2 protein chains.
Amino acid sequence: MIRLKDIAERVDVSVMTVSRVMRDTPNIAPATRRRVLRVARELGYVPDAAARGLRLQNTHLLGLVLPALGDPAWAAIASALEAVWAPSGYDLAMACSHQDEESEEARIARLMGRRVEGLFVAPLARAQKIGGVYRQLREQGIRVVVLGPRPEHLGGFPAVTVNDRAGMALAVAHLLGLGHQRIAFLAGPEYSSLAGPRLEGYRAALASRQIPVREELIVPAGATVEDGAVAARRLLERKVEFTAIMAFSDPLAVGALRELTAAGLEVPRQISILGYANHPCSEFSSRPLSTVDTDIEAQARAAARVMSDLIAGERGRDQRVEPRLICRDSCAPVRPATAS
Amino acid sequence: MIRLKDIAERVDVSVMTVSRVMRDTPNIAPATRRRVLRVARELGYVPDAAARGLRLQNTHLLGLVLPALGDPAWAAIASALEAVWAPSGYDLAMACSHQDEESEEARIARLMGRRVEGLFVAPLARAQKIGGVYRQLREQGIRVVVLGPRPEHLGGFPAVTVNDRAGMALAVAHLLGLGHQRIAFLAGPEYSSLAGPRLEGYRAALASRQIPVREELIVPAGATVEDGAVAARRLLERKVEFTAIMAFSDPLAVGALRELTAAGLEVPRQISILGYANHPCSEFSSRPLSTVDTDIEAQARAAARVMSDLIAGERGRDQRVEPRLICRDSCAPVRPATAS
DNA sequence: TTGTAAGCGTTATCAT
DNA sequence: ATGATAACGCTTACAA
């Protein structure tokens with residue numbers, strides 16, 4: 001490793017002089033500066049960020065704690081945050097909890113040890129467990145921005161959420177725009193904090209067009225592909241007419257597709273299925289059915305802005321991102337059909 | 001921020017004693033240890049990784065340089081690497097080049113400044129440009145593991161690649177197993193280092209079953225969805241019989257699907273389409289058509305192992321991961337049809 | 001314009 | 001069993 005001292009020795013000046021040159025300080029003899037620069041380049045000198053940070057009491061490091069990086073939604077968040085902060089000289093230290101609460105706390109503790117200047121946390125949905133780490137975060141005044149709905153134990157920290165109610169309303173409005181009037185809704189799991197707002201959005205969209213909400217078209221479901229299939233089956237058993245299905249989430253939509261196809265229905269010729277997701281779809285995840293995605297990069301940008309405020313010493317305020325829907329459409333215009 | 005000194009003052013012992021307690025050193029009076037521990041916990045002390053690293057000359061930090069994190073393939077790599085290293089106390093610093101070569105070099109330089117103990121680099125495909133950073137990596141003896149085919153300017157560093165030829169052969173064998181005999185092939189772009197091996201794999205799979213390769217079934221294509229559509233159209237124009245399409249990559253497959261559907265063909269009832277990808281598909285990226293994925297986590301694990309070797313002082317050796325195909329199947333058994 | 005001293009938080013080493 | 005000292009690589013403050 002090349003240190004300032006190494007350069008200083010070869011050029012025969014003091015360490016301070018070299019330090020000054022490296023930092024472009026004024027009042028350096030042009031000759032000295034040239035010689036130092038030449039040697040530094042020759043040796044491939046790169047200043048030690050840790051040592052500098054120790055002295056300057058900064059790290060230019062941010063922490064990112066996610067439940068899972070494999071999920072494109074979180075990958076998109078990570079990517080966007082990295083893109084926003086890299087130009088300002090900040091690096092991102094990744095930490096995945098892999099859906100494990102203890103792991104989440106451990107990773108947060110480690111990042112605290114790295115003296116991150118801020119922490120983006122997408123918290124796991126958990127029972128209670130206000131662990132010691134979360135208290136420390138507050139007591140030590142660590143800057144935290146919560147991604148998504150804020151759980152109890154992160155109270156006091158700003159959260160950046162997406163207006164899911166509005167997003168779902170937009171999605172349903174899209175189906176209405178295609179002429180669909182009888183739209184079934186696969187509602188999300190009760191334990192999810194997102195279920196309520198999304199169902200509200202569904203109702204609101206219909207209400208704004210004076211379309212009565214038929215309760216028999218609303219089917220409670222879980223979160224997985226399997227749950228989607230089960231819910232779709234139940235829907236079919238009700239023998240009620242509908243031309244489209246709006247699913248609480250993407251996996252539910254996939255499951256519904258599977259079930260409907262198995263039942264001999266053609267999607268989207270006879271029935272359109274629309275899924276709702278929190279991430280932009282790409283070529284990598286083109287789907288057999290339509291999905292509307294909320295603009296997750298906007299969420300990341302908002303989170304970055306909140307963190308900027310915190311670093312600038314201002315009070316971070318909660319942000320609610322208004323979704324812009326990104327729609328990969330394979331839904332068909334209405335073509336009445338009776339599900340039998 | 002809580003330092004050793006703070007605890008030392010409150011307990012009225014020397015900093016060294018506290019340091020020893022924190023590190024579970026032997027020869028500490030049980031009483032002292034208890035008092036120190038109590039105060040430390042009370043104050044929420046977390047040792048400063050940078051200071052410790054400065055003294056110990058380590059960082060327990062690894063760097064990860066990717067072209068894009070949004071791509072599920074890279075996200076999966078990042079996720080797997082994080083999972084492997086976190087338990088050993090290593091953190092991962094993320095850096096995306098966002099497909100920009102200068103950015104790639106800049107990010108590598110910054111990570112060098114952080115004194116990463118190793119660098120995973122998924123290099124951009126680039127013209128020439130053996131920039132200064134790559135020389136420095138070698139001269140300073142930085143540990144580098146290349147993810148994917150190794151470009152010229154990273155010569156000398158171990159690379160972890162997937163045996164793409166074998167992977168494609170497995171994929172084609174899968175179609176053969178379904179009874180398909182006339183399998184068209186959308187070949188990849190010439191500039192891709194993956195194109196050759198994959199085409200070879202296609203040929204090899206057919207050869208091993210004594211099925212003659214019909215050159216008119218091989219269509220050169222690009223890399224995008226659009227390219228896939230164009231290639232599929234060209235294939236249809238050739239008016240040659242086939243029951244399945246094997247695509248060089250996933251986007252090509254998506255494009256082909258689009259084109260075939262537009263031409264009134266039903267997939268997979270009349271024609272099966274199989275895409276080839278380098279990442280496991282999940283519920284998040286269910287596709288309208290079959291894809292075989294090589295087990296990218298195996299690649300990540302192999303890369304982690306190579307890095308372990310390097311850190312242990314051994315010479316890192318190139319690794320070629322034998323693919324295990326993960327197949328999300330919606331391909332149909334053969335049902336002869338003439339593309340017209 | 002350049003150099004010296006001190007200190008950031010931690011630990012290895014040698015003393016007591 | 002505990003403490004004093006120096007050092008890791010760097011930069012601020014002051015001196016020359």
Side-chain angles (χ1 to χ4, degrees), chain A residues 1-37 39-40 43-61 89 109-117 140 142, chain B residues 1-37 39-40 43-61 89 109-117 140 142:
Chain A
M1 198 200 32
I2 315 297
R3 322 185 263 328
L4 286 181
K5 197 177 35 155
D6 300 318
I7 303 175
E9 281 171 8
R10 282 209 229 307
V11 185
D12 196 47
V13 288
S14 84
V15 177
M16 264 319 293
T17 306
V18 183
S19 170
R20 284 194 259 258
V21 172
M22 299 318 297
R23 281 172 299 133
D24 253 356
T25 292
N27 293 340
I28 292 282
T32 317
R33 137 180 246 86
R34 263 199 313 278
R35 280 188 301 150
V36 169
L37 242 36
V39 175
L43 266 46
Y45 171 74
V46 183
D48 185 315
R52 168 179 260 161
L54 189 58
R55 178 68 236 249
L56 263 36
Q57 295 293 72
N58 65 26
T59 57
H60 278 209
L61 188 67
R110 277 229 311 258
L111 290 175
M112 287 177 62
R114 292 215 183 262
R115 301 295 185 259
V116 290
E117 293 185 23
Q140 312 211 4
I142 310 249
Chain B
M1 198 200 32
I2 314 297
R3 322 184 267 325
L4 286 180
K5 196 175 37 153
D6 300 317
I7 304 175
E9 280 171 8
R10 282 207 228 309
V11 186
D12 196 46
V13 288
S14 83
V15 178
M16 265 318 293
T17 304
V18 182
S19 171
R20 283 195 259 256
V21 171
M22 299 318 296
R23 282 173 296 135
D24 253 354
T25 291
N27 293 341
I28 292 283
T32 318
R33 138 182 245 85
R34 263 199 313 279
R35 279 187 303 152
V36 169
L37 242 36
V39 176
L43 266 47
Y45 171 75
V46 184
D48 185 315
R52 167 178 261 163
L54 187 58
R55 181 66 239 251
L56 262 36
Q57 295 293 69
N58 66 25
T59 57
H60 279 211
L61 188 68
R110 275 230 310 259
L111 290 176
M112 287 177 61
R114 292 215 183 262
R115 300 295 185 258
V116 289
E117 294 185 23
Q140 312 210 5
I142 309 248

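Chain A is the first sequence line, chain B the second, and so forth, proteins listed ahead of strands; every chain is numbered from 1. In this text, all values refer to a predicted model and were calculated from it rather than measured experimentally.
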For B/Arg10, does the CZ atom sit with more than 12 other heavy atoms under 6.0 Å from it, leaving out its own atoms?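 Not buried by this count: 12 neighbours or fewer within 6.0 Å.
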
Can you find a pair of side-chain heavy atoms, one from [X] and one from [Y], that are under 4.5 Å apart?
{"X": "B/Arg52", "Y": "B/His60", "result": "no"}
{"X": "B/Thr17", "Y": "B/Thr32", "result": "yes"}
{"X": "A/Val18", "Y": "A/Lys5", "result": "no"}
{"X": "B/Asp24", "Y": "B/Arg33", "result": "yes"}

N/O donor-acceptor pair under 3.5 Å between A/Gln140 side chain and B/Met1 backbone: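 Not at all, since once roles are kept as given, no pair shorter than 3.5 Å links the two residues.
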
Side-chain N,O ([X]) to OP1/OP2 ([N]) below 4.0 Å:
{"X": "A/Thr32", "N": "C/dT2", "result": "yes"}
{"X": "A/Ser14", "N": "C/dT4", "result": "no"}
{"X": "A/Tyr45", "N": "D/dC10", "result": "yes"}
{"X": "B/Thr17", "N": "D/dG3", "result": "yes"}
{"X": "A/Ser19", "N": "D/dT11", "result": "yes"}
{"X": "A/Gln57", "N": "C/dG7", "result": "no"}

On the side chain of A/Arg20, is there an atom forming a donor-acceptor pair with the base of C/dG3 - under 3.5 Å, no angle test? yes

Classify the side chain of B/Arg52 versus the base of C/dT10 as yes if they form a donor-acceptor pair under 3.5 Å and no if they do not.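 There is none.
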
If I take atom [atom1] in residue [X] and atom [atom2] in nucleotide [N], what distance separates them, rounded to the nearest angstrom?
{"X": "A/Asn58", "N": "D/dT12", "atom1": "CG", "atom2": "C1'", "answer": "14 Å"}
{"X": "A/Leu56", "N": "D/dC8", "atom1": "CG", "atom2": "P", "answer": "20 Å"}
{"X": "A/Leu54", "N": "C/dA6", "atom1": "CG", "atom2": "P", "answer": "18 Å"}
{"X": "B/Arg33", "N": "D/dT2", "atom1": "CZ", "atom2": "C1'", "answer": "14 Å"}
{"X": "A/Asp12", "N": "C/dT2", "atom1": "CG", "atom2": "C1'", "answer": "12 Å"}
{"X": "B/Ile7", "N": "C/dG9", "atom1": "CD1", "atom2": "C1'", "answer": "12 Å"}
{"X": "A/Asp6", "N": "D/dG9", "atom1": "CG", "atom2": "C1'", "answer": "10 Å"}
{"X": "B/Arg55", "N": "D/dT5", "atom1": "CZ", "atom2": "P", "answer": "16 Å"}

End-to-end axis angle, where each axis spans five pairs of the helix from C/dT1-D/dA16 to C/dT16-D/dA1, to 10°: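 If I round to tens, the end axes sit 50° apart.
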
Give the C-alpha distance, both sets of side-chain angles, the deciding distance and a yes or no for side chain to side chain contact (heavy atoms under 4.5 Å, CB included) between A/Leu4 and A/Tyr45. CA-CA 8 Å; A/Leu4 286 181; A/Tyr45 171 74; 3.3 Å; yes

Taking any heavy-atom pair under 4.0 Å as a contact, classify B/Arg23: base, sugar-phosphate, or nothing. sugar-phosphate

Using a 4.0 Å heavy-atom cut-off, does A/Asp48 contact any base of the nucleic acid, only the sugar-phosphate backbone, or nothing at all?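 It contacts sugar-phosphate atoms only.
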
Given that A/Pro26 and B/Val15 both sit by DNA chain C, which one's nearest nucleotide is further toward the 5' end? A/Pro26

Toward the 5' end of DNA chain C, by each residue's nearest nucleotide, B/Ala51 or B/Met16: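 Checking each residue's closest nucleotide, the 5'-ward one belongs to B/Ala51.
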
For B/Arg110, enumerate each residue passing the salt bridge (charged side-chain N to carboxylate O under 4.0 Å, His left out) test, keeping only those at least two apart in sequence or located in another chain. A/Asp91

So which one's nearest nucleotide on DNA chain D is more toward 5', B/Pro30 or A/Ala50?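 Its nearest nucleotide being more 5', the pick is B/Pro30.
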
